[in-house]
Amino acid sequence: MHIRKLIWTEKGWPVISPERFAGETNRHICSNELPGEWEVIQVDPLNDGQDQALRINLRESVWQHLSGNVYQLHDETYTMQVTVHEAWDWEQWKSTVVFESIHSDGVVYLAKKR
């Protein structure tokens, strides 16, 4: 059995952490920790197979701090509120930052920083 953090979005929707819980404490994630390469999974409710992670580079300019660990992520193609927190990356065996979000169209996004 795996245990994952349950995060509540600013609009009151529950989303799960993309990584299994490993005893991390809740801490403030600073904006300078966010730019870099991320693996992002768009959870497609119409896909009967496994959703694939995309690797994207999220520059400093796409992050806007709103409050606590909530950021606005925006570029020329999308805008969404994300909740960031620390997690243990079981593939790379190190601490990392992850985010969860529900886009305005209802699609869930899960991501971890590489």
Side-chain angles (χ1 to χ4, degrees):
M1 177 187 303
H2 296 168
I3 298 174
R4 294 181 186 256
K5 274 186 170 181
L6 182 64
I7 311 301
W8 295 93
T9 68
E10 293 288 298
K11 294 186 178 184
W13 289 98
V15 287
I16 60 165
S17 174
E19 292 289 339
R20 297 177 302 208
F21 182 68
E24 304 88 3
T25 59
N26 293 331
R27 69 171 181 87
H28 177 69
I29 305 297
C30 298
S31 59
N32 64 350
E33 298 178 73
L34 301 176
E37 184 180 13
W38 287 76
E39 285 184 4
V40 180
I41 296 176
Q42 176 183 350
V43 181
D44 182 352
L46 303 177
N47 181 6
D48 289 338
Q50 182 174 346
D51 293 313
Q52 299 298 314
L54 300 173
R55 287 193 180 185
I56 59 173
N57 189 6
L58 297 175
R59 304 171 314 280
E60 183 177 350
S61 62
V62 303
W63 299 96
Q64 177 187 0
H65 183 249
L66 298 178
S67 67
N69 280 348
V70 178
Y71 286 81
Q72 184 85 12
L73 182 58
H74 58 88
D75 73 1
E76 52 280 341
T77 58
Y78 55 85
T79 298
M80 69 178 89
Q81 268 189 5
V82 300
T83 303
V84 297
H85 58 94
E86 188 173 39
W88 183 255
D89 186 332
W90 293 91
E91 293 174 321
Q92 298 185 68
W93 206 250
K94 67 175 189 171
S95 180
T96 190
V97 179
V98 297
F99 75 70
E100 308 84 20
S101 178
I102 299 178
H103 193 264
S104 59
D105 61 6
V107 175
V108 173
Y109 291 85
L110 304 173
K112 74 174 179 180
K113 188 172 180 194
R114 298 286 303 166

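Values reported hereafter were calculated over all heavy atoms of this structure, with side chains retained and with hydrogens, waters and symmetry mates removed.
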To the nearest 0.5 Å, how far apart are [atom1] in [X] and [atom2] in [Y]?
X	Y	atom1	atom2	value
Arg55	Arg114	CZ	CZ	4.0 Å
Gln72	Met80	CD	CE	9.5 Å
Leu34	Leu73	CG	CG	9.0 Å

Q) Which pair of heavy atoms, one from Ala111 and one from Pro18, lies closest together, and at what distance? A)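 Smallest interatomic distance, heavy atoms only, reads O-CG, 3.4 Å.
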
| message | I need the full list of ring-ring contact (aromatic ring centres under 6.0 Å, His included) pairs touching residues 4-31, with sequence neighbours left out, sorted by first then second residue. | response |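 Only His28-His65 qualify under ring-ring contact (aromatic ring centres under 6.0 Å, His included).
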
So, using side chain to side chain contact (heavy atoms under 4.5 Å, CB included) as the criterion, who are the partners of Ser31 when residues are at least two apart?
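Only Tyr71 meet the side chain to side chain contact (heavy atoms under 4.5 Å, CB included) criterion with Ser31.
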
*Does atom CD of Gln92 have more than 12 heavy-atom neighbours from other groups under 6.0 Å away?*
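Yes, because the 6.0 Å sphere around CD of Gln92 holds more than 12 heavy atoms from other groups.
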
Check the surroundings of atom CD in Gln50: do more than 12 heavy atoms from other residues, nucleotides or ligands lie under 6.0 Å from it?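 No - once you tally the heavy atoms of other residues, nucleotides and ligands closer than 6.0 Å, there are 12 at most.
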
Would you confirm whether Lys5, through its side chain, and Glu19, through its main-chain N or O, come within 3.5 Å as a donor-acceptor pair?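 Side chain of Lys5 to backbone of Glu19: no pair is present.
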
Q | Backbone of Ala87 reached by a side-chain donor or acceptor of Thr96 within 3.5 Å | A |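 Not confirmed, Thr96 side chain does not pair with Ala87 backbone.
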
ask   = Do NZ/NE/NH1/NH2 and the carboxylate oxygens of Glu91 and Lys112 come within less than 4.0 Å?
value =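 Yes, this pair counts.
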
Exercise. Knowing that exactly one of Ile7, Val70, Ile29 qualifies, which makes a side-chain contact (heavy atoms from CB on, under 4.5 Å) with Val84?
Worked result: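 Per the side-chain contact (heavy atoms from CB on, under 4.5 Å) rule, the option paired with Val84 is Ile29, out of Ile7, Val70, Ile29.
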
Side-chain donor-acceptor pair present, Ser95, Glu86, cut-off under 3.5 Å |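 Their side chains do contain a donor-acceptor pair, which is all the 3.5 Å distance test asks for.
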
With under 30° as parallel and over 60° as perpendicular, where do the rings of Trp63 and Phe99 fit, or are they tilted in between?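 Perpendicular: the ring planes of Trp63 and Phe99 meet at over 60°.
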
Self-check item: Residues which pass salt bridge (Lys or Arg N to Asp or Glu O under 4.0 Å) with Arg59, listed by chain and number, not counting sequence neighbours
Solution: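 Residues passing salt bridge (Lys or Arg N to Asp or Glu O under 4.0 Å) with Arg59: none at all.
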
Practice item. Could you walk me through whether Gln42 and Asp51 pass side-chain contact (heavy atoms from CB on, under 4.5 Å), step by step? Key: CA-CA 7 Å; Gln42 176 183 350; Asp51 293 313; over 6 Å; no

Checking salt bridge (charged side-chain N to carboxylate O under 4.0 Å, His left out) for the pair Arg4/Glu100: CA distance, chi angles, key distance, verdict?
CA-CA 12 Å; Arg4 294 181 186 256; Glu100 308 84 20; over 6 Å; no

